[in-house]
Asker: 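Take this structure first; my questions come after.
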Amino acid sequence: MALRQGRLLVRMLAVFVSALVFFVAQRATPFAQMYQPTPSAKSTDPATLQNLAVATEIHKRFALGLRALELHEGARAAGEFTRILALHPKEPQGSTAHYDLGLAQAQLGHLAQAQTEFKAAIELDPGFLAAMANLVVVALGRNDLAAARAAADLFLQRAPGSARALYSRGLVALRTGDVATAQADFARLTQVNPASATAHYTLAVAHIQANALAEGERELRLALDRSPSYAAARLALGTVLLRLGRRDEAREAFELAARDSNDPAIRNLAVSMRDSIAGTH
Amino acid sequence: MPVRLFVCLCLLLASATAGGLGFAVAAAPSTITDVVLAPAAPEMLGPIEEAGRAGWACVPEHVAEAKGWNDAHLPVETTK
C-alpha cells in the first residue's frame, strides 16, 4: 500500500516538474532575446537583411576609421569614411562621416579635399558647428580668405556667443584688412574673457593694424599685467612705443622680450630691434 | 687691389648692410608685427563618433559653442 502510494507520488512529481519546465521555457525565450547583445534578424525578408548588413558595416567602419585617425593613419581613415559614404548612410552618420573624412584629408595634407568634406557635412547638417570651425581653419591654411570669411560669418551667425566663432572671424578679418570687424570681434572676446592675456593681445594687434596705437598700448599692458613674461606682447609693445617716439621705453621692452622669449624668431627679432635703436642713438 | 683696401671695402659693405637692415627693421615695425606677431589660428577640432554631434558627450561640438577662451581651446601664446 505504502509502495503504491510512493509510486503515485513520484509519477505526480514527474508530471509537475515537466509542466514547470515547459512553462518556464515558454516564458524565458522573450527575456533571453531582450538581453541579447547583438540584435538578430527576426525576418528573412531580403531588404531587411540587406539593411542590417549595411548598418553593421557602417558601424564597424566607423570604429576602424576613428581608430585610424587616432593613430594618425590618414590614408586608412580616409578609406574607411569614403566607404561609409558610398553606402549612403542616414543622418547623423552621413554628416559625421564627411566631417571625419575631412579630418583624415587634413591629416594627409589634402586641405582642398578637407575643405570640401567639411562643407558637405554642413550641407547635410546646417547646424554643425564643429564642421564650421574646422572649415575656417582649413580655408585659412589654404589662404582661401573668401571661403574662410564665408565660413566664419556662418559660424558666428549660428553661434553668436561662441568664443571660437568670434576668434576665427576676427582672425580672418585681420588677414583681409577688415580691421573694424577684427577690433569688434576681439573686443567682444575680451569682454567675456577679461582674464585672458591672449585675448587682450589679439585685440591689441587689431588696434595696431588700425593705427590706434594708444588703444594697442593699453591692451598690451593689460596682457602683460596678466602674464608678465608674455614675450610676444612685450615685443609688440616695443614696436608701438617705437612708433610713438618713445625710444628708451621701446628699447627696454625689446630687452625684456629677448630675455623672456622661448621662441627663437621673437627673441632674434627683439634683439635686432633693440640693437637697431642702440645703433641709431 | 691691396689686401688692406679690400678688407676695408668689405667692412664698409657689411656695415652699410647692417645699418640698412637696422634702419629697415626700425622703420617698418607695423609690417613685422603683422607677420611675426599675428595671432595663431586655432587647432582643428577632433573626430566625432558615429552617434554624431548631437550626443551629450560630443566634445568637438561643445568646444565649438563654448563661450570661454580655454573651453573653446583657443591658442594660449603667453609662453612665446
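Since the model is a prediction, treat every value here as computed from it, not as a measurement. Just so you know, these numbers use all the heavy atoms, side chains as well, and skip hydrogens, waters and symmetry mates. Numbers restart at 1 for each chain; the letters A, B, ... are given by sequence-line order, proteins then strands.
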Asker: Minimum heavy-atom separation for Ala41(B) and Leu140(A), please, with both atom names.
Answerer: CB-CD1, 4.4 Å
Asker: Within the side chain of Glu61(B), is there an N or O that forms a donor-acceptor pair under 3.5 Å with the backbone of Leu129(A)?
Answerer: yes
Asker: Look at Leu103(A), Thr202(A), Leu166(A) and state which one has the largest set of heavy-atom pairs under 4.5 Å with chain B.
Answerer: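 With the most close heavy-atom pairs to chain B, the winner is Leu103(A).
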Asker: Search all heavy atoms of Pro92(A) against all heavy atoms of Ala51(B) and return the closest pair with its distance.
Answerer: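 The answer is CG-O, 3.3 Å.
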Asker: What is the minimum heavy-atom distance between Lys67(B) and Asn193(A), and which atoms define it?
Answerer: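 In this case the closest contact between Lys67(B) and Asn193(A) is O-ND2, 3.6 Å.
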Asker: Counting only N and O atoms by type, is there a donor-acceptor contact under 3.5 Å from the side chain of Arg164(A) to the main-chain atoms of Ala66(B)?
Answerer: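 Flag not set: sc Arg164(A) to bb Ala66(B) has no pair under 3.5 Å.
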Asker: Any donor-acceptor pair under 3.5 Å linking the side chain of Arg53(B) with the backbone of Ser95(A)?
Answerer: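 Checked: no pair found.
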Asker: Return the CD to CG distance between Glu49(B) and Asp100(A), rounded to the nearest 0.5 Å.
Answerer: 9.5 Å
Asker: Between Leu45(B), Leu74(B), Asn70(B), Asp71(B), who has the most heavy-atom pairs with chain A when the cutoff is under 4.5 Å?
Answerer: Leu45(B)
Asker: Side chain, backbone, both or neither: which part of Glu43(B) has a non-hydrogen atom closer than 4.5 Å to chain A?
Answerer: backbone
Asker: Can you tell me which of His59(A), Arg267(A), Glu91(A) forms the most heavy-atom pairs within a distance under 4.5 Å of chain B?
Answerer: His59(A)
Asker: Do Leu171(A) and Pro42(B) have side chains that get closer than 4.5 Å, going by heavy atoms?
Answerer: yes
Asker: Where does Leu189(A) contact chain B at under 4.5 Å (heavy atoms): side chain, backbone, both or neither?
Answerer: side chain
Asker: Any side-chain hydrogen bond (donor to acceptor under 3.5 Å, both in side chains) involving residues 126-139 of chain A? Give me the pairs, sequence neighbours left out, ordered by first then second residue.
Answerer: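 Sorted result for residues 126-139 of chain A: Tyr99(A)-Asn134(A).
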Asker: Please classify the contact between Phe254(A) and chain B as side chain, backbone, both or neither, with a heavy-atom cut-off of under 4.5 Å.
Answerer: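 It is neither, since no heavy atom gets under 4.5 Å.
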Asker: Between Asp125(A) and chain B, which part of the residue has a heavy atom less than 4.5 Å away: side chain, backbone, both or neither?
Answerer: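 When you check distances to chain B, only side chain atoms of Asp125(A) fall under 4.5 Å.
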Asker: Name the member of Ala206(A), Ala233(A), Ala199(A) that forms the most heavy-atom pairs with chain B at distances under 4.5 Å.
Answerer: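 The answer is Ala199(A).
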Asker: For Leu37(B), is there any backbone N or O sitting under 3.5 Å from a side-chain donor or acceptor partner on Tyr201(A)?
Answerer: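 Pair found, side chain donor or acceptor close to backbone of Leu37(B).
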Asker: So, the side chain of Ser162(A) versus the backbone of Ala64(B): is there a donor-acceptor pair under 3.5 Å, distance only?
Answerer: yes
Asker: Given a strict heavy-atom distance threshold of 4.5 Å, which part of Ser196(A) is in contact with chain B: side chain, backbone, both, or neither?
Answerer: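 Interface part for Ser196(A): side chain.
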Asker: For Val76(B) versus Thr198(A), what's the shortest heavy-atom pair and its separation?
Answerer: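 Val76(B) and Thr198(A) have their closest heavy atoms at CA-OG1, 3.7 Å.
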Asker: Can you give me the closest heavy-atom contact between Ala163(A) and Gly68(B), atom names plus distance?
Answerer: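 Looks like CB-O, 3.9 Å.
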Asker: Please name all residues satisfying side chain to side chain donor-acceptor pair (under 3.5 Å) with Glu57(A), sequence neighbours left out, ordered by chain then number.
Answerer: Arg61(A), Arg83(A)
